[in-house]
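These notes concern the structure reproduced below.
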Amino acid sequence: MGTTEPEGESLLRKVRRILDAFDTGAPVLGLSELARRTQLAKTTVHRVATEMVEVGLLNRHGRRYELGSLLFELGQRVPRTRDLRLIAARYLEDLALTTRETVVLAFPGDQAVLFAEKYFSQRGGGVTFTQVEGRVPFHCGASGKALLAFGDAAIRERVLASTLSRRTRWTIADPARLTAELDQVRRHGFAVDRQELVVGYGAVAAPVLSHGVAVATLTVVGPIDRIQVSRLAPVVTAAAAALTRDFEHVNN
């Protein structure tokens, strides 16, 4: 397979390609796999990755690479994300105790939903989120649909214009159907996942807003036969609204 390295592409864009190549399913990658995933030449990957190791963005083990701890340190310094995670902690715990299911705080990334914090109820046991990565496509699941419906319009337009891959046979892969679903999410104030991300599991998510735009979601996840929307939606939306008020108070 040939490369798609644009002529004159900046170093920073090459660094971004390399960082994006890693995920929870492939936390350690060799040079050949990095070249394949980034569509950059091996010589380019080797040169850029060497510099990234030198500044702490990557770690190298023999001929294989992994993300460096500097990235985690930098992530902790992002004020909005750090503040929201701290404020959300008690809401995650309260929701898990109230619903007796797993509760997740999710953020919008540039290309995917990022699962930042998880609170596992005693009954949930964390089983659900051993089956998914730390990031998933926006169109798969309740968190993503809530972020698309209430979030940045540019991300929504980009997702709707892209090819929507399936995670399960229930995943919404038709842009017109997804658009209609997002309209419904906006009307109701919450999103529902019915086995669209993981077979056998569902979720209810509500947006956490800043100046009217979703910056995160609170999401309750559990076996599909326990996801009773009429019971879960009111408590999830109430918790997300309270978290929104607390977060906006801190950030104003």
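All figures in this text were calculated on a predicted structure; none of them were measured in a lab.
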Are [X] and [Y] in one and the same hydrophobic cluster, where Ile, Leu, Val, Met, Phe, Trp and Tyr link if side-chain heavy atoms are under 4.5 Å apart?
X      : Y      : value
Leu12  : Met52  : no
Leu31  : Phe22  : yes
Leu148 : Val185 : no
Val104 : Leu86  : no
Ile224 : Val199 : no

If you measure only the distance, is there a donor-acceptor pair under 3.5 Å linking the side chains of Thr44 and Lys14? no
Exercise: do Asp246 and Tyr91 side chains pair donor with acceptor under 3.5 Å: yes
Glu196 and Arg167: CA distance, side-chain angles, deciding distance, salt bridge (Lys or Arg N to Asp or Glu O under 4.0 Å) verdict: CA-CA 7 Å; Glu196 296 160 39; Arg167 286 300 182 94; over 6 Å; no
Write down the atom of [X], the atom of [Y], and the distance for their closest heavy-atom approach.
X      : Y      : answer
Ala21  : Leu34  : CB-CD2, 3.8 Å
Thr217 : Ala146 : CG2-CB, 3.8 Å
Leu147 : Ala214 : CD2-CB, 4.1 Å
Glu248 : Gly212 : OE2-N, 4.4 Å
Leu218 : Val236 : O-CG1, 3.5 Å
Ala216 : Leu105 : CB-CD1, 4.0 Å

For His188, is the NE2 atom crowded, meaning more than 12 foreign heavy atoms sit under 6.0 Å from it? yes
Would you check if the side chain of [X] reaches a backbone N or O of [Y] as a donor-acceptor pair within less than 3.5 Å?
X      : Y      : answer
Thr171 : Ala173 : no
Thr98  : Leu95  : no
Lys42  : Ser32  : no
Thr168 : Leu197 : no
Gln195 : Trp170 : no

Quick one: [atom1] on [X] to [atom2] on [Y], what's the gap to the nearest 0.5 Å?
X      : Y      : atom1 : atom2 : value
Arg85  : Phe107 : CZ    : CZ    : 6.5 Å
Leu84  : Leu243 : CG    : CG    : 5.5 Å
Leu29  : Arg63  : CG    : CZ    : 14.5 Å
Leu178 : His139 : CG    : NE2   : 8.0 Å
Thr179 : Arg156 : OG1   : CZ    : 9.5 Å
Arg226 : Tyr201 : CZ    : OH    : 8.0 Å

Are His61 and Val28 close enough, and set up right, to give a side chain to side chain contact (heavy atoms under 4.5 Å, CB included), and what steps lead you there? CA-CA 9 Å; His61 302 285; Val28 182; 5.5 Å; no
Any chance you could lay out the salt bridge (Lys or Arg N to Asp or Glu O under 4.0 Å) test for Glu9 and Arg17, step after step, and finish with the verdict? CA-CA 11 Å; Glu9 185 178 46; Arg17 285 200 192 205; 3.3 Å; yes
Any ion pair linking [Y] and [X] (charged N to carboxylate O, less than 4.0 Å)?
X      : Y      : answer
Asp183 : Arg187 : no
Arg177 : Glu181 : no
Arg90  : Glu93  : no

Is there a side-chain contact between Val221 and Thr219 in this structure, where contact means two heavy atoms from C-beta onward sitting under 4.5 Å apart? yes
